[in-house]
Novice: 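My structure is below; once you've seen it, I'll send some questions.
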There are 2 protein chains.
Amino acid sequence: MTAPAAGRPEGYDPYAFEPFAVTVDLAVFTVRDERLHVLLVERGQEPFRGAWALPGGFVLPQESAEQAARRELAEETGLLPRTVAGLHLEQLRTYSDPDRDPRMRVVSVAYTALVPDLPEPRGGGDAARARWTPYGTDGPLAFDHERILADAHERIGAKLEYTCLATAFCPPEFTLGELRQVYETVWGVALDRPNFRRKVLTTPGFVEAVEGPPRRTGGRGKPAALYRAGAASALHPPLLRPEGRSS
Amino acid sequence: MTAPAAGRPEGYDPYAFEPFAVTVDLAVFTVRDERLHVLLVERGQEPFRGAWALPGGFVLPQESAEQAARRELAEETGLLPRTVAGLHLEQLRTYSDPDRDPRMRVVSVAYTALVPDLPEPRGGGDAARARWTPYGTDGPLAFDHERILADAHERIGAKLEYTCLATAFCPPEFTLGELRQVYETVWGVALDRPNFRRKVLTTPGFVEAVEGPPRRTGGRGKPAALYRAGAASALHPPLLRPEGRSS
DNA sequence: GCAAAAGTGTTCGGTATACACCCATGC
DNA sequence: GCATGGGTGTATACCGAACACTTTTGC
């Protein structure tokens with residue numbers, strides 16, 4: 001039920017309670033140099049001044065949490081708004097521990113974004129600095145952001161199993177080797193190349209071949225065919241992790 | 001990032017912005033008479049006076065959203081607090097559309113609860129009335145609760161595939177027929193009994209046999225052995241829906 | 001006996017897995 | 001040539017779907 005709950009006085013005074021602030025936090029992942037990276041910003045103010053944290057900020061009075069997340073993402077990364085509008089953004093969960101911010105009551109809606117390898121983020125914006133950090137090498141983060149980041153990592157690992165989400169890590173046109181890299185990097189396991197190829201190509205709507213000059217290379221070796229993300233969003237049947245632990 | 005965002009003034013005034021209210025909404029499901037039921041309450045105040053809605057209410061200044069959800073659930077159903085403390089409660093997602101409540105800015109954290117068949121809820125508590133309603137026969141609900149309910153149904157359907165969640169719908173001791181009923185009711189499909197039995201029994205930690213007098217019956221037919229929920233929380237491999245659509 | 005639900009067994013086909021092998025490129 | 005990665009083929013094992021059959025109860 002939305003405010004006011006049945007049984008509460010009719011003319012509920014919005015200022016009667018200690019106010020809640022509502023923020024968004026973003027766990028933005030990318031794959032770089034065969035490693036999973038996270039976008040972090042350095043805090044310019046107390047508390048946690050100088051500490052690294054997830055990008056994010058206040059939800060403004062006239063925007064939804066998702067709109068706030070896209071706005072903050074654009075501000076922090078320097079991406080064009082129309083690029084951000086097309087990114088895969090997923091609500092992770094909401095963190096509402098009463099003591100998670102030392103100053104006041106802050107409820108934060110966390111989002112996860114998966115992006116292809118992007119240019120280095122501008123140091124400007126809302127944060128003192130911003131950078132891509134290899135996942136696992138991030139020191140202690142501000143607030144409860146360590147926990148949010150861990151939850152986000154677990155979520156995307158599970159989502160790769162039964163959705164087409166992996167293509168969100170890739171540029172518009174990609175090789176099957178690059179797509180396999182995504183799975184291997186996020187899961188931290190090696191996959192059998194021939195079987196991975198068959199699995200992806202036989203799943204309707206996962207990827208579609210690009211007609212043009214069907215070649216390109218990441219380094220040496222045989223040039224690979226190019227593919228685009230397909231129309232499907234779910235994988236049936238799922239692509240399970242070898243020693244699958246999920247959700 | 002939590003408030004205030006880096007770059008905002010140091011001494012952020014909690015009252016500077018139009019305040020947000022934070023509520024919880026609960027989609028409580030049970031299986032009754034081989035049908036999926038939802039717990040609804042009748043609103044006693046405007047707006048939507050007389051309309052049915054999901055139970056829920058305000059998050060208090062010193063409690064987390066989950067604590068608020070358990071408190072509201074106990075109030076609405078009349079369950080003992082220690083019973084509610086053991087129930088499976090899962091955060092669904094947060095709804096933050098600026099116009100979702102006509103009076104003020106309300107951000108609501110939705111939870112899903114799966115409960116065994118419970119006694120009729122007391123009409124008292126915060127709501128004018130409360131009742132179990134067969135899923136799908138609920139008229140238009142207040143606010144955006146129709147959408148929340150649909151999201152919740154989709155979520156639990158998907159969760160049954162790869163978690164042991166179905167046991168949460170069952171009493172402490174149950175037959176495999178009752179467990180199968182849960183799947184058939186939530187998914188709306190018929191499952192092959194022998195195959196379902198094998199699948200459940202060969203999944204380590206899903207259920208464990210009860211030693212005692214291994215019989216009991218729901219009506220006529222051969223008495224069935226009793227089982228308890230096991231220690232596992234995830235299913236490997238998953239138990240996929242016949243014409244599986246997921247997530 | 002008959003209906004209904006539990007429980008066991010067996011067949012069949014698809015899919016995943018683990019390989020072996022060839023192809024095309026850079027050096 | 002050789003290393004590297006792309007792409008194809010194939011044999012085996014496993015798992016799920018389908019279904020026949022027996023058992024135990026209520027009526």
Side-chain angles (χ1 to χ4, degrees), chain A residues 31 33-34 160-162 170 173-185 187 189-204 206-210 212-227 234-244 246, chain B residues 31 33-34 160-162 170 173-185 187 189-204 206-210 212-227 235-246:
Chain A
V31 173
D33 306 326
E34 309 189 4
L160 287 192
E161 290 188 327
Y162 56 96
C170 298
E173 300 190 342
F174 52 87
T175 68
L176 294 185
E178 292 167 342
L179 186 62
R180 186 168 43 81
Q181 266 293 336
V182 170
Y183 281 91
E184 294 183 332
T185 301
W187 287 348
V189 298
L191 299 178
D192 184 86
R193 206 179 309 151
N195 294 334
F196 179 82
R197 176 187 183 80
R198 254 188 301 273
K199 175 68 183 176
V200 170
L201 292 182
T202 60
T203 299
F206 193 175
V207 299
E208 52 185 46
V210 170
R215 42 184 54 202
R216 168 194 179 184
T217 174
R220 48 203 172 292
K222 179 178 176 179
L226 287 179
Y227 295 86
L235 252 51
H236 290 286
L239 177 49
L240 297 176
R241 276 175 273 202
E243 291 306 299
S246 80
Chain B
V31 173
D33 307 325
E34 309 189 4
L160 287 192
E161 291 188 327
Y162 55 95
C170 299
E173 300 191 342
F174 51 86
T175 69
L176 294 185
E178 291 167 341
L179 186 63
R180 185 170 43 81
Q181 266 292 338
V182 170
Y183 281 90
E184 293 183 333
T185 301
W187 287 347
V189 299
L191 298 178
D192 184 86
R193 208 176 309 152
N195 294 334
F196 179 82
R197 176 187 183 81
R198 254 188 302 273
K199 176 70 182 176
V200 170
L201 292 183
T202 60
T203 300
F206 194 175
V207 299
E208 53 185 47
V210 169
R215 41 183 56 201
R216 167 193 180 183
T217 176
R220 48 203 173 293
K222 179 178 176 178
L226 287 179
Y227 294 86
L235 254 50
H236 291 287
L239 177 49
L240 297 175
R241 274 174 273 202
E243 291 306 300
R245 321 163 330 203
S246 82

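Computed from a predicted model, the values in this text were never measured in an experiment. Lettering of chains follows the sequences in order, A, B, ..., and the numbering in each one begins at 1.
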Novice: Which angle, to the nearest 10 degrees, lies between the helix axes at the two ends of the helix from C:dG1-D:dC27 to C:dC27-D:dG1, each defined by five pairs?
Specialist: 0°
Novice: Any side-chain heavy atom of B:Leu191 within less than 4.5 Å of one from B:Pro242?
Specialist: yes
Novice: With sequence neighbours excluded, what pairs up with B:Thr203 under the side-chain hydrogen bond (donor to acceptor under 3.5 Å, both in side chains) test?
Specialist: none
Novice: Could you go through nucleotides 17-21 of chain C and list every protein N or O atom that sits under 3.5 Å from one of its N or O atoms, giving the distance for each pair?
Specialist:
from	atom 1	to	atom 2	distance (Å)
C:dA18	N7	A:Asn195	ND2	2.9
C:dA18	N6	A:Asn195	OD1	3.0
C:dA18	N6	A:Arg198	NH2	3.2

Novice: Salt bridge (charged side-chain N to carboxylate O under 4.0 Å, His left out) with A:Arg180: which residues, sequence neighbours excluded?
Specialist: A:Glu184
Novice: Any side-chain N or O of A:Arg193 less than 4.0 Å from the OP1 or OP2 oxygen of D:dG6?
Specialist: yes
Novice: Measure the distance from CD on A:Glu178 to P on D:dT4 and round it to the nearest whole Å.
Specialist: 19 Å
Novice: What is the distance, rounded to the nearest whole Å, between atom CZ of A:Phe174 and atom C1' of D:dG6?
Specialist: 16 Å
Novice: Given D:dG6, C:dG7, D:dT25, which nucleotide is nearest the side-chain atoms of B:Pro223?
Specialist: D:dT25
Novice: To the nearest 0.5 Å, what is the distance between OH (B:Tyr162) and CG (B:Leu160)?
Specialist: 10.0 Å
Novice: How long is the span from the CG atom in A:Leu226 to the CG atom in A:Leu176, to the nearest 0.5 Å?
Specialist: 9.5 Å
Novice: Considering residues at least two apart in sequence or located in another chain, which fulfil the side-chain hydrogen bond (donor to acceptor under 3.5 Å, both in side chains) criterion with B:Asp192?
Specialist: B:Asn195
Novice: For A:Tyr227, enumerate each residue passing the ring pair (Phe, Tyr, Trp, His ring centres under 6.0 Å) test, keeping only those at least two apart in sequence or located in another chain.
Specialist: none
Novice: Once you round it to whole Å, what is the distance between P of D:dG7 and CG of A:Leu179?
Specialist: 12 Å
Novice: Please report the distance, rounded to the nearest Å, between CG in B:Leu201 and P in C:dG9.
Specialist: 13 Å
Novice: Can you check the B:Arg180 CZ to C:dA4 C1' distance for me, whole Å?
Specialist: 12 Å
Novice: In whole angstrom, what separates B:Lys222's NZ from D:dT25's P?
Specialist: 8 Å
Novice: Hey, does A:Phe206 have a side-chain heavy atom less than 4.5 Å from the side chain of A:Leu179?
Specialist: yes
Novice: B:Phe174 pairs by side chain to side chain contact (heavy atoms under 4.5 Å, CB included) with which of B:Val207, B:Val182, B:Val210?
Specialist: B:Val207
Novice: Check whether any side-chain nitrogen or oxygen of B:Lys199 sits under 4.0 Å from OP1 or OP2 of D:dG16, and answer yes or no.
Specialist: yes
Novice: Specify the separation, in whole Å, of atom CZ of B:Arg197 and atom C1' of C:dA5.
Specialist: 12 Å
Novice: Roughly, in whole Å, what's the span from CD in A:Gln181 to C1' in D:dG6?
Specialist: 14 Å
